[in-house]
*Asks:* 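What follows is a single structure, and I will ask about it in a moment.
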Amino acid sequence: MTSPQAAYQAKAGSILDVDRRFYDRLAERTGEREMTESFVIPIRSGRAWEVPAGHLCRIITTDEGPQVGDFNVWNRHNPRERLWAARTRQLQRAHVSRYDRLWSTLPYLRPLLTVTGDSLESYGVDGDGGRVHDLLGSRCDPYVNRILTGEDFDFHCHSNLVRAVLPYGLTESDVHDVLNIFQCTGLNDEDRYFMKASPAKPGDFFEFFAEQDLLCALSTCPAGDLSLPFWGPEARDPLEVCRPLAVEVHRPAAGLIDGWSPTPPASYQGVHGLRAPVWSVNGG
């Protein structure tokens, strides 16, 4: 039995067509890039940082082991333009990897970034239907935790991201649905979201190319590598499987991005029917 065809099919030559040779060149010629920033995000915390357009950013599991990271991204100069997880699921996939793009909200609708490297690309689909790097679920947050447990906890990914973006003038309202990096998820037979232990190993990475000037934020999930239940009858504090994540920003050699330029906002020129048409009656 064949699978149904994807609903979102573009004409040839659209912005959905990725120049794979360009991104392969960026990924493969690692000797022609300069590291401009590197840091480690401790467990159960978050950090925001800038990635200039035309730069590469790599998120890496440390020697301590696997760890899930909840990722947010905005246009650095306009936080109203930010990751649109639902549209990215439709235009790309529910679990992203190399050559996939994260798309921004309306009225901009353009790539924020393009994935250039993914050391877990070969994981594919496991026996439970799990895949990695998902846009299916959102960040854990203290509000749903209160519903599920009746308790308060201040270091969920939502709260970690809130604290991370405050120095950039953003607030809790700017934190949005996430890309769950290194997280293994899927939908079970009841069409309900499940999470599994991360298959990442020390040194695994997820790398992307900034298509615009970006503000990024990442939370080291308080559930760690998700190998222990965070909610439910068997839940316990998974502190023992919480680990840091490392981040690197690289500037590629100028020659590697010759001919590239940031994508302009979507070219739709209408006004959603708000401009009244001029009607002609009896030829008048």
Side-chain angles (χ1 to χ4, degrees), residues 6 8-38 49-61 66 69 71 73 75-76 83-85 87-104 109-126 131-135 179-184 198-214 216 218 245-264:
Y8 284 70
Q9 299 283 333
K11 293 181 178 179
S14 83
I15 191 176
L16 289 175
D17 288 340
V18 172
D19 183 354
R20 296 193 172 197
R21 288 180 297 179
F22 171 76
Y23 294 106
D24 284 344
R25 185 167 69 245
L26 287 170
E28 293 166 1
R29 292 163 66 172
T30 56
E32 299 178 53
R33 58 171 72 174
E34 175 190 0
M35 186 185 299
T36 60
E37 186 176 14
S38 66
W49 71 98
E50 297 180 45
V51 183
H55 283 52
L56 294 154
C57 181
R58 179 174 287 205
I59 298 169
I60 311 163
T61 55
F71 179 76
V73 58
N75 178 311
R76 176 66 185 93
L83 167 62
W84 190 4
R87 186 62 84 212
T88 301
R89 288 195 300 268
Q90 293 171 320
L91 293 177
Q92 306 289 170
R93 296 183 283 177
H95 297 79
V96 297
S97 188
R98 194 159 52 112
Y99 309 125
D100 287 324
R101 290 169 154 170
L102 299 190
W103 291 78
S104 67
L109 193 60
R110 56 177 168 171
L112 291 161
L113 60 87
T114 302
V115 182
T116 54
D118 174 15
S119 64
L120 293 177
E121 182 180 12
S122 63
Y123 184 80
V125 187
D126 64 29
R131 306 170 190 250
V132 292
H133 311 313
D134 86 272
L135 291 157
L179 168 63
N180 292 300
I181 297 174
F182 304 127
Q183 185 164 304
C184 185
S198 172
K201 301 291 189 294
D204 274 322
F205 65 89
F206 182 88
E207 182 179 274
F208 60 84
F209 176 77
E211 302 285 356
Q212 307 176 40
D213 288 337
L214 302 178
C216 302
L218 185 70
L245 285 171
V247 176
E248 297 176 355
V249 179
H250 298 259
R251 179 172 54 239
L256 291 181
I257 59 172
D258 282 349
W260 170 86
S261 61
T263 305

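Just so we're clear, the structure is a prediction, and the values are computed from it rather than from any experiment. Counting begins at 1 with the first residue of the sequence.
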*Asks:* Between L112 and F208, is there a side-chain heavy-atom distance shorter than 4.5 Å?
*Replies:*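 Not in contact.
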*Asks:* Can any side-chain N or O of H133 pair as donor or acceptor with the backbone N or O of F182 at less than 3.5 Å?
*Replies:*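 Looks like yes, one N/O pair under 3.5 Å.
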*Asks:* From L179 CG over to D100 CG, what is the distance, rounded to the nearest 0.5 angstrom?
*Replies:* 10.0 Å
*Asks:* If you measure from CD1 on I181 to OG on S198, what distance do you get to the nearest 0.5 Å?
*Replies:* 11.0 Å
*Asks:* Who passes side-chain hydrogen bond (donor to acceptor under 3.5 Å, both in side chains) against E28, sequence neighbours left out?
*Replies:*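 Result, side-chain hydrogen bond (donor to acceptor under 3.5 Å, both in side chains) vs E28: none returned.
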*Asks:* Output yes when a side-chain donor or acceptor of R251 lies under 3.5 Å from a complementary backbone atom of T36, and no otherwise.
*Replies:* no
*Asks:* Using salt bridge (Lys or Arg N to Asp or Glu O under 4.0 Å) as the criterion, list what pairs up with R98, not counting sequence neighbours.
*Replies:* D24, E121
*Asks:* Can you find a heavy atom in the side chain of Q212 that is under 4.5 Å from one in the side chain of R110?
*Replies:*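 The answer is yes, as the side chains (C-beta and beyond) meet within the 4.5 Å cut-off.
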*Asks:* Can you list the steps and then say if R25 with L256 is a side chain to side chain contact (heavy atoms under 4.5 Å, CB included)?
*Replies:* CA-CA 7 Å; R25 185 167 69 245; L256 291 181; 3.7 Å; yes
*Asks:* Just by distance, with hydrogens left out, do T61 and D204 show a side-chain donor and acceptor under 3.5 Å apart?
*Replies:*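 Judged by distance alone, the side chains do not pair up.
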*Asks:* Identify whether the distance between the nearest side-chain nitrogen and carboxylate oxygen of R58 and E248 falls below 4.0 Å.
*Replies:* no
*Asks:* Working to the nearest 0.5 Å, report the span between OG1 of T116 and OH of Y23.
*Replies:*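 Between atom OG1 of T116 and atom OH of Y23 there are 9.5 Å.
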*Asks:* Working note: F71 + F206, criterion ring-ring contact (aromatic ring centres under 6.0 Å, His included); need CA distance, chi angles, decisive distance, verdict.
*Replies:* CA-CA 11 Å; F71 179 76; F206 182 88; 7.6 Å; no
*Asks:* Hey, what do you get for CG (L102) to OG1 (T88), rounding to the nearest 0.5 Å?
*Replies:* 5.5 Å
*Asks:* Is a side-chain donor or acceptor of D134 paired with a backbone partner of H95 at a separation under 3.5 angstrom?
*Replies:*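 No; zero donor-acceptor contacts below 3.5 Å.
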*Asks:* Taking all non-hydrogen atoms of both residues, which atom of L218 and which atom of G69 are closest, and how far apart?
*Replies:*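 Closest pair (atom of L218, atom of G69, distance): CD1-C, 3.7 Å.
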*Asks:* Taking all heavy atoms of V115 and all of S97, pick out the closest pair and write down the distance.
*Replies:*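 Distance-wise, the nearest heavy atoms are CB-O, 3.2 Å.
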*Asks:* Under the salt bridge (Lys or Arg N to Asp or Glu O under 4.0 Å) rule, collect the residues that match up with R101, sequence neighbours excluded.
*Replies:* E211
*Asks:* Do you know the tightest heavy-atom contact between R29 and E32?
*Replies:*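 R29 and E32 have their closest heavy atoms at NE-OE2, 2.7 Å.
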*Asks:* Would a 4.5 Å heavy-atom cut-off, applied to side chains only, mark L214 and R76 as touching?
*Replies:*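 Heavy-atom side-chain distance check fails, nothing below 4.5 Å.
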*Asks:* Taking the side chain as everything from C-beta on, heavy atoms only, tell me whether W103 gets closer than 4.5 Å to L16.
*Replies:*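 In short, these two side chains touch, coming nearer than 4.5 Å.
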*Asks:* Which heavy-atom pair separates A12 from D17 by the least distance, and what is that distance?
*Replies:*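 Reported closest heavy-atom pair: C-OD2, 3.6 Å.
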*Asks:* Distance check, rounded to the nearest 0.5 Å: D258 atom CG versus F22 atom CZ?
*Replies:*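 The CZ atom of F22 is 9.0 Å from CG of D258, to the nearest 0.5 Å.
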*Asks:* Between V247 and C57, which heavy-atom pair has the shortest distance, and what is it?
*Replies:*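 Between these two residues, the closest heavy atoms are CG1-SG, 3.8 Å.
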*Asks:* Under a 4.5 Å cut-off applied to non-hydrogen side-chain atoms, are D126 and C184 in contact?
*Replies:* yes
*Asks:* Can you tell me how far the CG atom of L120 sits from the CZ atom of R131, to the nearest 0.5 Å?
*Replies:* 14.0 Å
*Asks:* Indicate the atoms forming the closest heavy-atom contact of D213 with A53, along with that distance.
*Replies:*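 Looking at all heavy atoms of both residues, the shortest contact is OD1-N, 2.8 Å.
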